Q: 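The following block contains the structure, expressed as structure tokens.
Keep in mind it's a predicted model, so treat the numbers as computed, not measured.
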Amino acid sequence: FIQPPEIVTMDSLGAKMISAAEKNAMGEVVDFIEKQAVDVNSLDWNDQTALIAAASKGNIDILDYLINKGADISMTDREQVSAFMEAANGGHLEIVHKLAKLGAEIDGTASSGVTALWLASASGQSQVVDYLLSYDKIEGGLPANVNAMKSDGVTALMVAALEGHEACVQLLLNAGADANTKDNEG
């Protein structure tokens with residue numbers, strides 16, 4: 001349940017700026033930061049930032065503006081989900097690419113154990129899955145861990161297959177995903 005301090009946070013200027021970033025309301029975001037001096041890294045009741053909100057909705061112009069104003073790309077929400085993970089989940093490849101080049105943690109994990117690759121696989125974002133698995137060839141860094149698993153032992157391959165995302169399944173298998181892995185329930 002929501003506690004009194006969270007109610008105050010929900011009505012804060014920072015929370016309103018985060019909502020504006022999510023709605024792609026550039027004028028409002030600029031006003032909050034430049035006229036009302038709201039911290040670009042303000043948190044809402046769920047510890048979400050404006051950058052995370054913009055990334056989740058694919059609002060790249062707002063994301064660019066926030067980064068130019070000093071938004072911290074490594075911040076996560078209450079569940080330890082980052083802007084990079086949200087962009088991957090939403091299939092926003094341009095944002096995933098931009099955040100990766102800026103140093104986003106490719107295999108960062110949320111409190112549930114999910115990674116950007118797991119989320120992209122679960123939501124059928126095959127272009128993002130391909131990018132994350134090919135990161136070493138494209139950007140020169142380490143690729144996403146193809147066999148990383150959620151805290152319940154479910155892998156990206158398992159969730160992609162369960163959801164019927166054939167292109168993601170094929171990409172994961174081609175990258176060496178272990179089809180014999182079992183989740184915590186066997």
Q: Other than W118, what residues sit in its cluster of Ile, Leu, Val, Met, Phe, Trp and Tyr side chains whose heavy atoms are under 4.5 Å apart, directly or through others?
A: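 Via sub-4.5 Å side-chain contacts, W118 links to V81, M85, V114, L119, V154, M158, V159.
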
Q: Checking N59 side chain against A21 main chain: does a donor-acceptor pair fall under 3.5 Å?
A: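 Between the backbone of A21 and the side chain of N59 there is a qualifying donor-acceptor contact (under 3.5 Å).
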
Q: Should T49 and D72 count as side-chain neighbours, where that means a heavy-atom distance under 4.5 Å?
A: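 Of all side-chain heavy-atom pairs linking D72 with T49, none is under 4.5 Å.
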
Q: Looking at OG of S19 and CD of E28, how far apart are the two atoms once the value is rounded to the nearest 0.5 Å?
A: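 So the OG of S19 and the CD of E28 are separated by 7.5 Å.
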
Q: Looking at residues at least two apart in the chain, or sitting in another chain, which of them share a side chain to side chain donor-acceptor pair (under 3.5 Å) with S151?
A: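 Partners of S151 under the side chain to side chain donor-acceptor pair (under 3.5 Å) test: none.
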
Q: Quick one: side-chain hydrogen bond (donor to acceptor under 3.5 Å, both in side chains) pairs with a partner in residues 103-112, sequence neighbours left out?
A: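 Applying side-chain hydrogen bond (donor to acceptor under 3.5 Å, both in side chains) to every pair that reaches into residues 103-112, excluding sequence neighbours, yields E79-S111.
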
Q: Is there a side-chain contact between M75 and N41, using heavy atoms and a 4.5 Å cut-off?
A: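 With C-beta onward as the side chain, the pair touches.
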
Q: Tell me whether V129 is reachable from M149 by hopping between hydrophobic residues (I, L, V, M, F, W, Y) whose side-chain heavy atoms are closer than 4.5 Å.
A: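 Result: no, two separate clusters.
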
Q: List in chain and number order the residues that pass side chain to side chain donor-acceptor pair (under 3.5 Å) with Q80, two or more places apart in sequence or in another chain; answer none if no residue qualifies.
A: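 With sequence neighbours excluded, Q80 shows a side chain to side chain donor-acceptor pair (under 3.5 Å) to T76, given in chain and number order.
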
Q: Kindly determine whether T181 and L157 satisfy side-chain contact (heavy atoms from CB on, under 4.5 Å), including the steps that lead there.
A: CA-CA 9 Å; T181 300; L157 178 61; over 6 Å; no

Q: Could you tell me the separation between the OG atom of S134 and the CG atom of L171, rounded to the nearest 0.5 Å?
A: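 S134 OG to L171 CG: 7.5 Å, rounded to 0.5 Å.
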
Q: List for me each residue that meets salt bridge (charged side-chain N to carboxylate O under 4.0 Å, His left out) alongside D152, sequence neighbours excluded, and say none if there are none.
A: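 Result, salt bridge (charged side-chain N to carboxylate O under 4.0 Å, His left out) vs D152: K150.
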
Q: Consider only side-chain heavy atoms of I, L, V, M, F, W and Y, link residues closer than 4.5 Å, and tell whether L13 and M26 are in one cluster.
A: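 L13 clusters together with M26.
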
Q: Is there any ring-ring contact (aromatic ring centres under 6.0 Å, His included) pair reaching into residues 68-109, and which pairs are they, with sequence neighbours excluded?
A: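 As it turns out, the ring-ring contact (aromatic ring centres under 6.0 Å, His included) pairs with a partner in residues 68-109, which skip direct neighbours, are H97-Y131.
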
Q: Considering non-hydrogen atoms only, spot the tightest contact between A50 and M17 and give its length.
A: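 Where A50 meets M17 most closely, the heavy atoms are CB-CE, 4.1 Å.
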
Q: A175 and L133: which non-hydrogen atoms are nearest, and at how many Å?
A: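 Scanning both residues, the minimum pair turns out to be CB-CD1, 3.8 Å.
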
Q: What heavy-atom pair brings S126 and A167 nearest, and what distance separates the two atoms?
A: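 Minimum heavy-atom contact is CB-CB, 3.9 Å.
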
Q: What residues join I18 in its hydrophobic cluster, counting side-chain heavy atom gaps under 4.5 Å, either direct or through other members?
A: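 Members besides I18: none; it forms no cluster.
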
Q: Is L63 reachable from I52 through a run of hydrophobic residues whose side-chain heavy atoms are each under 4.5 Å from the next?
A: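 No, it is not one cluster - the side chains of I52 and L63 are not joined through contacts under 4.5 Å.
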
Q: Among pairs that include at least one residue of residues 48-65, which meet salt bridge (Lys or Arg N to Asp or Glu O under 4.0 Å), considering only residues two or more places apart or in two chains?
A: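 Qualifying pairs, neighbours excluded: D64-K98.
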
Q: Is there a donor-acceptor pair closer than 3.5 Å between any side-chain N or O of S123 and the backbone N or O of N89?
A: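 Judged by distance alone, yes, a pair lies under 3.5 Å.
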
Q: How long is the span from the CD atom in Q48 to the CD atom in E22, to the nearest 0.5 Å?
A: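 Q48 CD to E22 CD: 6.0 Å, rounded to 0.5 Å.
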
Q: Once salt bridge (Lys or Arg N to Asp or Glu O under 4.0 Å) is applied, what residue pairs with a partner in residues 162-186 remain, sequence neighbours excluded?
A: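 Output for this query is empty, none listed.
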
Q: How about E94: does its CD atom have over 12 heavy atoms from other parts shown lying under 6.0 Å from it?
A: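 Not more than 12 within 6.0 Å, no.
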
Q: Grab the two heavy atoms, one from L173 and one from A179, that are nearest each other, plus how far apart they are.
A: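 The answer is CD2-CB, 4.1 Å.
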
Q: Does the side chain of L117 come within less than 4.5 Å of N145's, by heavy atoms?
A: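 SC-SC contact between N145 and L117 ruled out.
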
Q: At what distance, to the nearest 0.5 angstrom, does NZ of K16 lie from CG of D31?
A: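 One finds 12.0 Å between NZ of K16 and CG of D31.
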
Q: Keeping to residues at least two apart or across chains, list the ring-ring contact (aromatic ring centres under 6.0 Å, His included) pairs with something in residues 150-186.
A: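 Listed once each, the pairs would be none.
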
Q: What distance separates L142 CG from I106 CD1, expressed to the nearest 0.5 Å?
A: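 If we round to the nearest 0.5 Å, L142:CG and I106:CD1 are 9.5 Å apart.
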
Q: Using every non-hydrogen atom in the two residues, find where A160 and L172 come nearest and quote the distance to one decimal.
A: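 Smallest heavy-atom distance, with atoms named: CB-CD1, 4.1 Å.
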
Q: Determine the minimum heavy-atom distance between I62 and A25, stating which atoms define it.
A: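 So the two residues come closest at CD1-N, 3.6 Å.
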
Q: Run the side chain to side chain donor-acceptor pair (under 3.5 Å) test against Y65 and tell me which residues pass, sequence neighbours left out.
A: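 For Y65, the residues satisfying side chain to side chain donor-acceptor pair (under 3.5 Å) (neighbours in sequence not counted) are E34.
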
Q: Of all residues at least two apart in sequence or in a different chain, which pass the side chain to side chain donor-acceptor pair (under 3.5 Å) check with K101?
A: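 By the side chain to side chain donor-acceptor pair (under 3.5 Å) rule, K101 matches no residue at all.
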
Q: Quick one: does E86's side chain get under 4.5 Å of I95's, heavy atoms only?
A: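 With C-beta onward as the side chain, the pair stays apart.
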
Q: What distance do L99 atom CG and S74 atom OG have between them, rounded to the nearest 0.5 Å?
A: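 Going from CG on L99 over to OG on S74, the span is 11.0 Å.
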
